[in-house]
Amino acid sequence: EYQIRFQIPSAKLEFLLAFLERIEESDQLLRIDSLDIGRPPDSGGVQALVQITRTVLDNPEAVVASDRAPSAEGGA
């Protein structure tokens, strides 16, 4: 597991939200740990400080195989 912390100096709020949605929908194991959004008084955009954790698996094939296992409801 490792963490990355970065600052977005200026962006439209819509772009920031789209970026956060892409992180949440990523097929990587990413987690948004903290998000600090501010709006400078002289700007039409926002700035953000984001901290993300990425989990790296030792054996990712095991997770993929367990995701493909037939469910009790599916009856395969």
Side-chain angles (χ1 to χ4, degrees):
E1 208 176 75
Y2 63 91
Q3 294 181 340
I4 182 170
R5 185 180 184 118
F6 57 93
Q7 183 172 4
I8 300 170
S10 180
K12 290 184 177 181
L13 183 58
E14 297 84 21
F15 295 150
L16 177 62
L17 293 174
F19 172 70
L20 296 172
E21 286 176 358
R22 285 195 311 270
I23 290 172
E24 286 293 314
E25 294 170 356
S26 172
D27 59 349
Q28 300 181 36
L29 297 175
L30 302 176
R31 179 181 71 233
I32 299 171
D33 293 320
S34 67
L35 173 64
D36 184 20
I37 300 174
R39 189 188 70 165
D42 60 346
S43 172
V46 296
Q47 58 193 93
L49 183 61
V50 184
Q51 183 169 329
I52 297 172
T53 297
R54 179 171 185 228
T55 302
V56 180
L57 300 177
D58 289 337
N59 188 3
E61 291 81 19
V63 173
V64 172
S66 67
D67 286 346
R68 293 183 184 162
S71 68
E73 294 175 9

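Counting from 1, the numbers follow the sequence of the chain as shown. Only heavy atoms go into these numbers, but all of them, side chains included; no hydrogens, no water, no symmetry mates.
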K.L.:
Within the structure provided, determine whether Ile8 and Phe19 are in side-chain contact (heavy-atom separation under 4.5 Å).
P.N.:
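Of all side-chain heavy-atom pairs linking Phe19 with Ile8, at least one is under 4.5 Å.
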K.L.:
Could you pull out all residues at least two apart from Ser34 that satisfy side-chain contact (heavy atoms from CB on, under 4.5 Å)?
P.N.:
Gln51
K.L.:
Pick one: which of Ile37, Leu35, Asp36 meets side chain to side chain contact (heavy atoms under 4.5 Å, CB included) with Val50?
P.N.:
Leu35
K.L.:
Is it true that Leu30 and Leu17 fall in one hydrophobic cluster, defined by side-chain heavy atoms closer than 4.5 Å?
P.N.:
yes
K.L.:
Count the heavy atoms of every other residue, nucleotide or ligand shown that sit under 6.0 Å from CZ of Arg39, and state whether that count exceeds 12.
P.N.:
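No, the 6.0 Å shell around CZ holds no more than 12 heavy atoms from other groups.
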K.L.:
Is there a path of hydrophobic side-chain contacts, each under 4.5 Å between heavy atoms, that joins Val56 and Ile52?
P.N.:
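No.
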K.L.:
Restricting to non-hydrogen atoms, name the atom on Pro40 and the atom on Gln47 that form the minimum distance, rounded to 0.1 Å.
P.N.:
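For Pro40 versus Gln47, the nearest heavy atoms are CG-OE1, 2.8 Å.
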K.L.:
Listed by chain and number, what are the salt bridge (Lys or Arg N to Asp or Glu O under 4.0 Å) partners of Arg54, not counting sequence neighbours?
P.N.:
none
K.L.:
Using 0.5 Å steps for rounding, measure from the OG1 atom of Thr53 to the CD atom of Gln3.
P.N.:
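Spacing of OG1 (Thr53) from CD (Gln3) equals 4.0 Å.
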K.L.:
Looking only at heavy atoms, what is the nearest atom pair of Ile32 and Ile23, with distance?
P.N.:
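Shortest heavy-atom contact: CG1-CG2, 3.8 Å.
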